[in-house]
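Only one structure is covered here, and it is reproduced in the block below.
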Amino acid sequence: MKIAKIDVAEVNIPLVTPFKTALRTVETVNDIVVRVSADTGEAGYGEAPPTAVITGDTKGSIRCAVEEFIAPSIKGMDIENLDGIMRKLHSCILKNTSAKAAVDMAVYDLFAKSCGKPLYKVLGGSRCEFETDLTISVNEIDEMVSDSLKAVEQGFRILKIKVGKESLKDIERIRAIRGAVGPDVKLRIDANQGWTAKDAVRIIRTLEDMGIEMDLVEQPVSAHDFAGMQYVTSQVNTKILADESVFSPEDAIRLIEGRAADLINIKLMKTGGIYEALKICAIAESFGVECMIGCMLESKIAVSAAAHLAAGKSVITRADLDGPSLCRIDPYTGGPLYEGSRIIMNETPGIGITAVPGFEERQSAAEKSESGRS
Ligand code: MG
């Protein structure tokens, strides 16, 4: 099975409510989708969101990296030479991790299809079902409380609370949500780099002293503030999760060895796909550090690739894969099942997505013009 063709298209999916973090506000998922076709007629699908404020990737840069750099360097390669394909993918262009991730997952999709197995089983097959949290956007306290209660009503038992806008008010946000949802709901706090190290320690200690339990606090300080991450991690009891601070396996080693985080958040858009994410899993495992799997504002293709990785590797003990739950519609056919907080894998070979609108429409338009000509 050889790589014959790589196509790029766009998806546009409205969100249920605007997604707000300390870094940005987004109202639709407008992502690049990639189809890697094999000479056998099989296709693998991938997706990349333009998360410019985190990865630096835009729709234009993703499209250009795929079409002008990655596609020419891996076309014609045998899908069974997965290692060779991945080495080319990562060496043909620097950075551009979202573009790499989209092609990487499409190649893994094809590779698992060539094995006749769902991807999570090819990656280790640790479990066939797991639980995700749901993100609560940063807003006024009343709105965050009502969003949290709605999520709990929908069956979510873990909430990821976005904060990091105003440090004192963040304490009030978390306290009000804890008060409303009660002690049984797990709270993950994501400051998205919004605090200083001293603020972070003060906020987390205050919450700890109030008896407010938190599953973790994510990226309290700036991505590049290594000393700040070390300081916060050493000064509080709550687990600190590194997100924007860790893109590569090298970042993971530095953070873990420097005790600058207790947990690592893996996102395919930061690592450049599954191949590098597996290296972070192996590093974390050897240090006895647990990982979370996260996503950007991604729809079901990219989130499902991440879901397969999470279901494949036991070192991933936490999941923040709420992308599909935030989307108003599901334009794809197939893939794992997203049932509220539960993500359920199935036995379809590959990632499991069997139809992606951008390509189907284009194909039928091409077929039409073809038949019009004859
Ligand atoms: Mg985060």
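In each ligand, atom 1 is the first atom listed, and ligand 1 is the first ligand listed.
- At least one N/O/S atom of Asp190, whether from backbone or side chain, sits less than 2.8 Å from the Mg ion (ligand 1).
- Within the model, atoms CG of Leu119 and CD1 of Ile351 stand 5.5 Å from one another, a figure rounded to the nearest 0.5 Å.
- The structure places OG1 of Thr97 at 9.5 Å from NZ of Lys270, a figure rounded to the nearest 0.5 Å.
- The name of the N, O or S atom in Glu218 nearest to the Mg ion (ligand 1) is OE2.
- Note on Asp243: counted as a metal contact of the Mg ion (ligand 1), an N/O/S atom lying under 2.8 Å.
- Taking the centre and axis of the six-membered ring of Phe130, the NZ or CZ atom of Arg342 falls outside the cone set by 45° and 6.0 Å.
- When all heavy atoms of Phe19 and Thr135 are compared, the closest pair comes out as CE1-CG2, 3.7 Å.
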